[in-house]
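Report on the structure given below.
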Amino acid sequence: MFASQINLEEPRTEIAEEKDTKEVEMKRRREMEKSSSEIRSAIEELSIFIKLKPKDNLDAPRIHIPTKPFLHLCNLVLQVLDKIGPTMLVLRQDIHQNIQRLEKFCESDPSKYANVVEILKKEASEGNARKNTSCSKAFLWVTRSLDFMVALLQRLAKDPGQKMEQAVEESYNIALKPWHGWISSAAFKVALKLLPDSVTFMNILMAKDETYDNLKEEMQTLTSLLVPFLEEIHSILRLQGLDMLKSK
């Protein structure tokens, strides 16, 4: 009986040890994830864009926006907006829906639509680019959301003590308000009252091992990478006749 009890207990010990090992591994992964921030991840993503970007041929310059990496970058922006809190819920939902629309279109033929520009050309040739449900419009509004994020990060990096409400409103006025109807603008005004203070927001953005100076430097690095990237996207939108479209 005693021997059989020992045999019965051994499997339990092994299971317990395996469980402990898994818990340690999960904890280690959580710590690794926490050691990186959305800002750092976005910098890494953009750096990959630059390295993998096809070299322009002087006779036939190639415009290339890799679809999946671009959408991954947009998802990182969503995570930053989440940290602002429920104030950005409407904007967040809008970005999320536009990302999903582009993802679905890309998945219909991943190799053909690996470049966002091919999606825009496809819809333009079919006369669908200006429809509210088009991927072209989704791309336009996701780009404008990135413009908003750049403007916000630039202001906070320049003056971390600036009131969050002022930083968000000024960024909105530059990047989104010119293209919004009065309903969207009014809703945004109301949302401004629910913002966290800038110190709280910066603390939330920081990774585990970061200081304010580190975060400020990373925000400046990210915006310096995003600005020329977005300028290229806006040139594409102008070529497609999409850059001046407004919401109804």
Side-chain angles (χ1 to χ4, degrees), residues 37-39 42-43 46 70-71 73-102 132 136-206 215-216 218-238 242-248:
S37 67
E38 290 79 8
I39 303 292
I43 290 171
L46 279 167
F70 173 75
L71 294 177
L73 174 65
C74 293
N75 276 311
L76 291 172
V77 171
L78 278 184
Q79 293 175 38
V80 174
L81 289 176
D82 283 341
K83 294 180 183 297
I84 299 178
T87 303
M88 296 290 105
L89 181 61
V90 175
L91 179 59
R92 187 202 183 285
Q93 289 177 335
D94 185 57
I95 298 172
H96 182 61
Q97 289 171 359
N98 288 327
I99 290 173
Q100 285 185 317
R101 194 181 305 165
L102 287 161
N132 287 333
S136 300
K137 272 203 167 183
F139 182 59
L140 171 66
W141 283 105
V142 165
T143 300
R144 287 172 176 170
S145 298
L146 290 173
D147 290 335
F148 168 77
M149 186 56 58
V150 167
L152 178 59
L153 292 179
Q154 284 176 329
R155 278 160 178 73
L156 293 176
K158 184 178 181 180
D159 181 10
Q162 182 180 15
K163 288 185 177 180
M164 192 68 176
E165 182 177 341
Q166 180 184 353
V168 171
E169 185 171 18
E170 288 178 355
S171 303
Y172 173 77
N173 289 343
I174 291 171
L176 293 172
K177 187 177 181 179
W179 317 110
H180 273 173
W182 70 270
I183 295 177
S184 296
S185 295
F188 198 88
K189 277 283 188 182
V190 173
L192 284 175
K193 307 301 179 184
L194 304 173
L195 288 169
D197 61 77
S198 56
V199 174
T200 300
F201 179 59
M202 297 284 275
N203 281 332
I204 295 172
L205 277 183
M206 282 193 294
L215 178 61
K216 180 179 176 180
E218 288 183 352
M219 290 165 71
Q220 291 170 334
T221 300
L222 176 59
T223 55
S224 69
L225 291 171
L226 271 173
V227 167
F229 176 63
L230 288 170
E231 285 175 353
E232 182 177 4
I233 291 179
H234 281 292
S235 69
I236 295 169
L237 292 168
R238 284 192 293 272
L242 299 168
D243 59 309
M244 300 301 290
L245 296 181
K246 296 184 178 183
S247 62
K248 295 181 180 180

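Residue numbers start at 1 and run along the sequence shown. The shown structure was predicted, so the numbers you read here are calculated from the model rather than taken from an experiment.
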Would a 4.5 Å heavy-atom cut-off, applied to side chains only, mark Leu81 and Met149 as touching?
yes
Is any side-chain heavy atom of Lys163 less than 4.5 Å from a side-chain heavy atom of Leu195?
no
Under the side-chain hydrogen bond (donor to acceptor under 3.5 Å, both in side chains) test, which residues partner Asp197, sequence neighbours left out?
Thr200
If only atom types and distance count, is the side chain of Ser185 paired as donor or acceptor with the main-chain N or O of Lys177 below 3.5 Å?
no
Given side chains that start at C-beta, do those of Leu237 and Ile233 come closer than 4.5 Å, heavy atoms only?
yes
Residues in ring-ring contact (aromatic ring centres under 6.0 Å, His included) contact with His180, at least two apart in sequence or another chain:
Trp141, Tyr172
With Ile84 as partner, the option from Leu194, Leu152, Leu205 fulfilling side chain to side chain contact (heavy atoms under 4.5 Å, CB included) is Leu152
Among residues two or more places apart or on two chains, list those pairs meeting salt bridge (charged side-chain N to carboxylate O under 4.0 Å, His left out) that have a residue in residues 79-90.
Glu38-Lys83, Asp82-Arg92
Looking at Val199, is its backbone amide N or carbonyl O close enough to the side chain of Asn203 to form a donor-acceptor pair, meaning the two atoms are under 3.5 Å apart?
yes
Got a second to check how far Leu242's CG is from Phe139's CZ, nearest 0.5 Å?
9.5 Å
Any donor-acceptor N/O pair, Ser184 side chain to Gly181 backbone, under 3.5 Å
no
Atom of Leu46, atom of Phe229 and distance for their closest heavy-atom approach:
CD2-CD2, 3.9 Å
Quick one: CG on Asp147 to NE2 on His234, what's the gap to the nearest 0.5 Å?
3.5 Å
Interatomic distance, Ile95 atom CD1 to Thr143 atom OG1 [nearest 0.5 angstrom]:
10.5 Å
As an exercise, state the distance from NZ of Lys137 to CG of Leu102, rounded to the nearest 0.5 Å.
14.0 Å
Side chain to side chain contact (heavy atoms under 4.5 Å, CB included), that's the test. Do Phe201 and Leu156 meet it? Break it down for me.
CA-CA 10 Å; Phe201 179 59; Leu156 293 176; 3.5 Å; yes
May I ask you to test the Val77-Phe148 pair for a side-chain heavy-atom distance under 4.5 Å?
no
Nearest 0.5 Å please: distance from the CD1 atom of Ile99 over to the SG atom of Cys74.
5.0 Å
Quick one: list whatever passes side-chain hydrogen bond (donor to acceptor under 3.5 Å, both in side chains) with Lys189, sequence neighbours left out.
Glu169
Is Leu176 close to Leu91 at the side-chain level, that is, under 4.5 Å between some pair of heavy atoms?
yes
For Asn75, side-chain hydrogen bond (donor to acceptor under 3.5 Å, both in side chains) partners two or more places apart:
none
Closest approach of Asp243 to Arg144 (non-hydrogen atoms, all atoms of both residues):
O-NH2, 2.9 Å
Residues that Arg155 engages under side chain to side chain contact (heavy atoms under 4.5 Å, CB included), provided they are two or more places apart
Ala151, Gln162, Ala167, Glu170, Ser171, Ile174
Under 3.5 Å, is there a donor-acceptor pair between the side chain of Ser235 and the main chain of Glu232?
yes
Between Ile39 and Leu153, does the side chain to side chain contact (heavy atoms under 4.5 Å, CB included) criterion hold? Intermediate values first, please.
CA-CA 10 Å; Ile39 303 292; Leu153 292 179; 4.1 Å; yes
Shortest non-hydrogen pair, Ser198 vs Pro160, comes out as OG-O, 3.2 Å
Got a second to check how far Ser136's OG is from Leu245's CG, nearest 0.5 Å?
9.5 Å
Considering all heavy atoms, the nearest Lys246-Pro178 contact:
CE-O, 3.4 Å
Flag the pair Leu146 / Phe70 as yes when at least one side-chain heavy-atom distance between them is below 4.5 Å, and no otherwise.
yes
Distance-minimising heavy-atom pair for Ala42 and Leu73:
CB-CD1, 3.9 Å
